[in-house]
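FYI, the numbering just counts along the sequence from 1. When reading the values below, keep in mind they use all heavy atoms of this one structure, side chains included, and skip hydrogens, waters and symmetry mates.
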Amino acid sequence: MCSPMRTWERPIDRCFRTFPCLADPGRRSSLCLKLALVTIHIIYAGVLFLFDGDLIESTKTEPWYTALYLLLFVVTLIQYFATSISSPGYVVDAMMSVHDRNVAYKKTPDTSSQSASSRNGSFVVSMEGNLLGRNLSGSSKTAWSKLVADLYPLGSSIRTWTCTYCNAEQPPRAKHCHDCDKCVLQFDHHCVWLGNCIGQGNHCKFWWYLFEETALCLWTGVLYISYLKAHITRVWWQGAILILLLITLSVCLIFLLLLLLFHSYLILTNQTTFELVRRRRIHYLRGIPERVHPFSGGVRKNLYYFCCARSSVYRFEPMPTTQEIEEKSRPYTCSDVLTCRCC
């Protein structure tokens with residue numbers, strides 16, 4: 001009788017105990033957005049197959065057309081989830097990789113014969129020239145501190161740039177993401193729909209997701225327009241639903257096309273969204289003219305590193321020297337165009 005009354009646990013508390021990931025507001029909102037995006041995809045495809053009887057009949061005679069559409073539908077969703085769970089390339093992981101590589105480097109007797117790109121488990125640390133080999137030997141300073149210091153010009157006041165949140169020295173193009181609470185290599189932006197940062201490790205996956213999503217929206221829009229042309233005078237409420245969905249789809253398609261073109265431009269010039277938007281506030285870009293892309297090595301080289309580099313490779317790009325910036329600032333001449341200097 002005197003024992004305290006039993007307090008019944010709320011359903012939401014039981015849900016949080018069963019699924020700990022839902023207790024975090026950030027992860028919970030990201031999960032809701034992912035469910036909403038998948039639901040939108042299913043609604044658009046489901047309404048099309050539910051209303052368009054001609055599409056079902058054509059599937060019996062030409063199954064490859066519907067099969068290709070469904071294949072693109074599934075591949076787009078797979079690419080979405082693959083991008084959302086992929087690592088953008090965190091500075092802390094790169095530091096651990098360099099540290100482990102430094103230990104292995106010191107234990108190896110014939111270190112002089114090793115290349116600048118060195119495998120360390122599932123990671124590869126890659127730098128321009130032979131900077132990594134020089135950083136892993138000699139001084140008593142840590143390998144990561146020496147690596148970051150050599151990425152900045154001599155005499156630079158930002159050679160010991162340290163993140164106040166992670167307490168880690170940031171190489172050029174790295175930035176701390178407050179949503180992920182980690183420093184990201186070649187930080188582009190934090191995508192709310194993906195619930196993940198876009199950086200060096202998953203920018204390529206993100207571009208392919210944009211491409212597939214744009215193609216899927218375009219194909220779906222064509223199917224909607226074909227149905228409306230053939231059945232606009234039949235059931236009015238079906239036509240009203242499809243017109244409303246088509247208007248929303250058109251807005252999304254315009255946004256996706258602009259985003260795809262924007263990121264294609266960033267890839268060709270080796271820039272990030274953060275660098276382009278906040279160029280005047282970024283410490284390592286303040287003294288560089290706006291029309292100069294300091295990290296661009298030409299269209300071919302930019303595409304090669306973006307498309308062919310493995311996501312497990314940590315690639316560190318040093319700040320260009322004054323001579324390199326002056327060379328990139330030089331206007332193009334007719335001979336430069338003929339010799340494809342921009343490429």
Side-chain angles (χ1 to χ4, degrees), residues 26 87-95 127-128 144-145 147-204 206-207 210 255 258-299 301-302 305-306 314-331:
S87 172
Y90 296 114
V91 172
V92 175
D93 295 336
M95 288 176 60
M127 290 183 59
E128 299 288 342
W144 179 255
S145 299
L147 186 150
V148 173
D150 281 342
L151 292 174
Y152 292 103
L154 293 173
S156 174
S157 59
I158 54 176
R159 284 169 59 86
T160 57
W161 184 265
T162 304
C163 176
T164 56
Y165 300 96
C166 298
N167 197 25
E169 296 177 358
Q170 293 179 336
R173 315 192 75 182
K175 180 186 177 297
H176 183 86
C177 176
H178 295 280
D179 296 287
C180 299
D181 198 23
K182 292 182 181 180
C183 289
V184 179
L185 295 171
Q186 202 168 322
F187 175 83
D188 189 87
H189 71 286
H190 183 89
C191 183
V192 179
W193 284 99
L194 290 169
N196 193 12
C197 272
I198 305 301
Q200 185 185 94
N202 60 358
H203 199 176
C204 184
F206 178 71
W207 187 91
L210 288 178
F255 175 76
L258 293 177
L259 194 60
L260 181 64
L261 292 175
F262 174 70
H263 277 273
S264 299
Y265 166 74
L266 294 179
I267 294 165
L268 294 176
T269 56
N270 196 8
Q271 297 184 86
T272 64
T273 302
F274 175 70
E275 291 173 345
L276 186 65
V277 175
R278 300 293 184 91
R279 185 178 181 113
R280 295 183 179 180
R281 299 179 59 181
I282 300 176
H283 57 88
Y284 56 83
L285 295 177
R286 285 174 184 168
I288 301 176
E290 292 189 4
R291 65 183 183 88
V292 176
H293 311 306
F295 299 103
S296 177
V299 174
K301 190 174 181 180
N302 295 338
Y305 282 117
F306 183 82
Y314 294 121
R315 182 170 175 268
F316 304 103
E317 298 173 284
M319 287 295 301
T321 61
T322 305
Q323 293 78 7
E324 291 174 341
I325 294 177
E326 291 178 355
E327 177 65 21
K328 293 180 179 181
S329 303
R330 183 170 57 87

Please round to the nearest 0.5 Å and tell me the distance separating atom [atom1] of [X] and atom [atom2] of [Y].
{"X": "Ser296", "Y": "Ile267", "atom1": "OG", "atom2": "CD1", "answer": "12.5 Å"}
{"X": "Ile325", "Y": "Thr321", "atom1": "CD1", "atom2": "OG1", "answer": "7.0 Å"}
{"X": "Tyr284", "Y": "Arg279", "atom1": "OH", "atom2": "CZ", "answer": "10.0 Å"}
{"X": "Lys182", "Y": "Asp93", "atom1": "NZ", "atom2": "CG", "answer": "6.0 Å"}
{"X": "Leu185", "Y": "Gln170", "atom1": "CG", "atom2": "CD", "answer": "9.5 Å"}

Criterion side chain to side chain contact (heavy atoms under 4.5 Å, CB included) on Arg280 and Glu290, from CA distance to verdict: CA-CA 9 Å; Arg280 295 183 179 180; Glu290 292 189 4; 2.9 Å; yes
Donor-acceptor side-chain pairing of Thr269 and Asn302 below 3.5 angstrom: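 Note: Thr269 and Asn302 side chains miss the donor-acceptor criterion.
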Atom of [X], atom of [Y] and distance for their closest heavy-atom approach:
{"X": "Gly89", "Y": "Tyr314", "result": "CA-CE2, 4.2 Å"}
{"X": "Ile198", "Y": "Pro88", "result": "C-CB, 4.3 Å"}
{"X": "Trp207", "Y": "Ser264", "result": "NE1-OG, 3.0 Å"}
{"X": "Cys166", "Y": "Cys163", "result": "N-SG, 3.3 Å"}
{"X": "Phe187", "Y": "Cys197", "result": "CE1-SG, 3.8 Å"}
{"X": "Phe306", "Y": "Cys204", "result": "CZ-CA, 3.3 Å"}

Phe262, CZ: over 12 other non-hydrogen atoms inside 6.0 angstrom: yes
Flag if over 12 foreign heavy atoms under 6.0 Å of CZ, Arg278: no
Geometric class of the Phe206/His203 ring pair [parallel <30°, tilted 30-60°, perpendicular >60°]: tilted
Pair Glu275 + Arg173, salt bridge at N-O below 4.0 Å: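 Looking at Glu275 and Arg173, the cut-off is met.
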Verdict with supporting geometry, Glu317 and Asn270, side chain to side chain contact (heavy atoms under 4.5 Å, CB included): CA-CA 11 Å; Glu317 298 173 284; Asn270 196 8; 2.9 Å; yes
Beyond-backbone contact of Phe295 with Thr272, side-chain heavy atoms, under 4.5 angstrom: no
Evaluation steps, side chain to side chain contact (heavy atoms under 4.5 Å, CB included), between His263 and Asp188: CA-CA 10 Å; His263 277 273; Asp188 189 87; 3.3 Å; yes
Side-chain donor/acceptor of Asn202 to backbone N/O of Gly199, under 3.5 Å: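 Looks like yes, one N/O pair under 3.5 Å.
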